[in-house]
Amino acid sequence: MEKKLFGNICFTRLVKALMLSYFLTMLMLLGLSFGLYKFDLSEKTVRIGILAVYIISTFAGGFAMGKMGKTRKFLRGFMLGMLYFLLLLAISAGIYRSVQGGMQMMLAWILCGVGGMLGGMVS
């Protein structure tokens with residue numbers, strides 16, 4: 001029997017969708033770092049690329065969450081986006097021993113939520 005989180009959202013399905021999101025993040029960040037190495041991209045281009053990676057990854061995870069559920073797909077996707085961001089924030093805080101970024105952090109938070117929610121809605 002699968003454990004339920006909020007209502008009928010299953011914990012194992014959420015973990016699978018998060019793993020998918022982070023796997024896609026890893027692949028796209030590797031591609032972005034290759035582009036940075038080969039084409040000497042500017043800092044602004046890299047920042048935009050990182051935000052695009054967040055959106056695409058949470059969209060894919062939200063899409064997977066929506067496909068796994070039958071109701072409230074947008075809420076499932078939004079929840080995935082928020083958990084994606086919180087895990088990203090926890091990892092950053094663990095590595096750097098502080099949380100910095102201000103507006104950049106707020107923008108990433110909003111984009112993760114919206115990306116996940118859009119993925120859930122499209123599914």
Side-chain angles (χ1 to χ4, degrees):
M1 187 164 132
E2 297 178 330
K3 294 186 181 195
K4 305 287 181 179
L5 285 177
F6 301 105
N8 60 354
I9 297 175
C10 179
F11 179 73
T12 54
R13 292 178 184 169
L14 182 64
V15 170
K16 286 179 184 178
L18 269 173
M19 287 174 58
L20 170 70
S21 291
Y22 275 105
F23 180 73
L24 287 175
T25 299
M26 180 190 67
L27 289 178
M28 287 186 283
L29 286 179
L30 280 172
L32 188 62
S33 65
F34 179 75
L36 180 63
Y37 173 72
K38 275 292 202 195
F39 305 115
D40 196 30
L41 301 174
S42 69
E43 185 177 342
K44 184 178 179 180
T45 306
V46 172
R47 283 186 182 176
I48 292 171
I50 289 172
L51 292 177
V53 166
Y54 293 161
I55 294 169
I56 294 167
S57 296
T58 54
F59 181 86
F63 188 84
M65 280 297 291
K67 285 293 185 186
M68 290 183 222
K70 295 178 182 165
T71 60
R72 295 189 277 184
K73 295 178 178 189
F74 71 96
L75 185 61
R76 293 171 187 268
F78 181 74
M79 178 187 246
L80 177 114
M82 291 294 99
L83 287 174
Y84 177 93
F85 176 78
L86 288 175
L87 187 57
L88 194 67
L89 185 67
I91 291 169
S92 295
I95 290 173
Y96 298 116
R97 306 281 187 230
S98 69
V99 178
Q100 299 174 357
M103 287 304 289
Q104 188 80 9
M105 182 84 58
M106 191 69 129
L107 181 62
W109 176 66
I110 291 169
L111 291 177
C112 286
V114 169
M117 187 168 43
L118 285 175
M121 290 167 79
V122 169
S123 72

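Along the sequence shown, the residues carry numbers beginning at 1. From a predicted model like this one, the values you see are computed outputs, not experimental measurements.
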Task: Separation of L80 CG from M117 CE (nearest 0.5 Å) - done: 12.5 Å

TODO: Calculate, to the nearest 0.5 Å, the distance between atoms CG and CE belonging to L88 and M105 respectively.
DONE: 8.0 Å

Side-chain donor-acceptor distances from residues 41-53 under 3.5 Å, at least two apart:
| from | atom 1 | to | atom 2 | distance (Å) |
| --- | --- | --- | --- | --- |
| S42 | OG | T45 | N | 3.3 |
| S42 | OG | T45 | OG1 | 2.8 |
| E43 | OE2 | R47 | NH2 | 2.9 |

Task: Check: G81 main-chain N/O paired with Y54 side-chain donor or acceptor under 3.5 Å - done: no

- [ ] Flag yes if L14 and Y22 sit in one hydrophobic cluster, no otherwise; membership is Ile, Leu, Val, Met, Phe, Trp, Tyr, and two members link when side-chain heavy atoms are under 4.5 Å apart.
- [x] yes

TODO: Could you tell me the separation between the NZ atom of K73 and the NZ atom of K67, rounded to the nearest 0.5 Å?
DONE: 6.0 Å

Task: Closest approach of A17 to M65 (non-hydrogen atoms, all atoms of both residues) - done: CB-CG, 3.6 Å

Anything under 3.5 Å between a donor and an acceptor, one on a side chain of residues 24-31, the other on a protein residue two or more places apart or in another chain? List them.
| from | atom 1 | to | atom 2 | distance (Å) |
| --- | --- | --- | --- | --- |
| T25 | OG1 | S21 | O | 2.8 |
| T25 | OG1 | S57 | OG | 2.8 |
| T25 | OG1 | Y84 | OH | 2.6 |

Task: Over 12 non-hydrogen atoms of neighbours within 6.0 angstrom of CE in M121 - done: no

Task: Separation of C112 SG from F59 CZ (nearest 0.5 Å) - done: 14.5 Å

Open item on the list: Check the orientation of Y37 and F34. Use parallel for under 30°, tilted for 30 to 60°, and perpendicular for over 60°.
Closed with: tilted

TODO: Give, for atom CG of L87 and atom CD1 of I91, the distance between the pair rounded to the nearest 0.5 Å.
DONE: 4.0 Å

Task: 4.5 Å side-chain heavy-atom contact, M79 and L83 - done: yes

Task: Polar side-chain atom of R76 near backbone of T71 as donor-acceptor pair, under 3.5 Å - done: yes

Open item on the list: Checking M19 now: which residues fulfil side-chain contact (heavy atoms from CB on, under 4.5 Å) with it, not counting sequence neighbours?
Closed with: V15

Open item on the list: Could you see if L89 belongs to whatever hydrophobic cluster contains M106? Use Ile, Leu, Val, Met, Phe, Trp, Tyr and a side-chain cutoff under 4.5 Å.
Closed with: yes

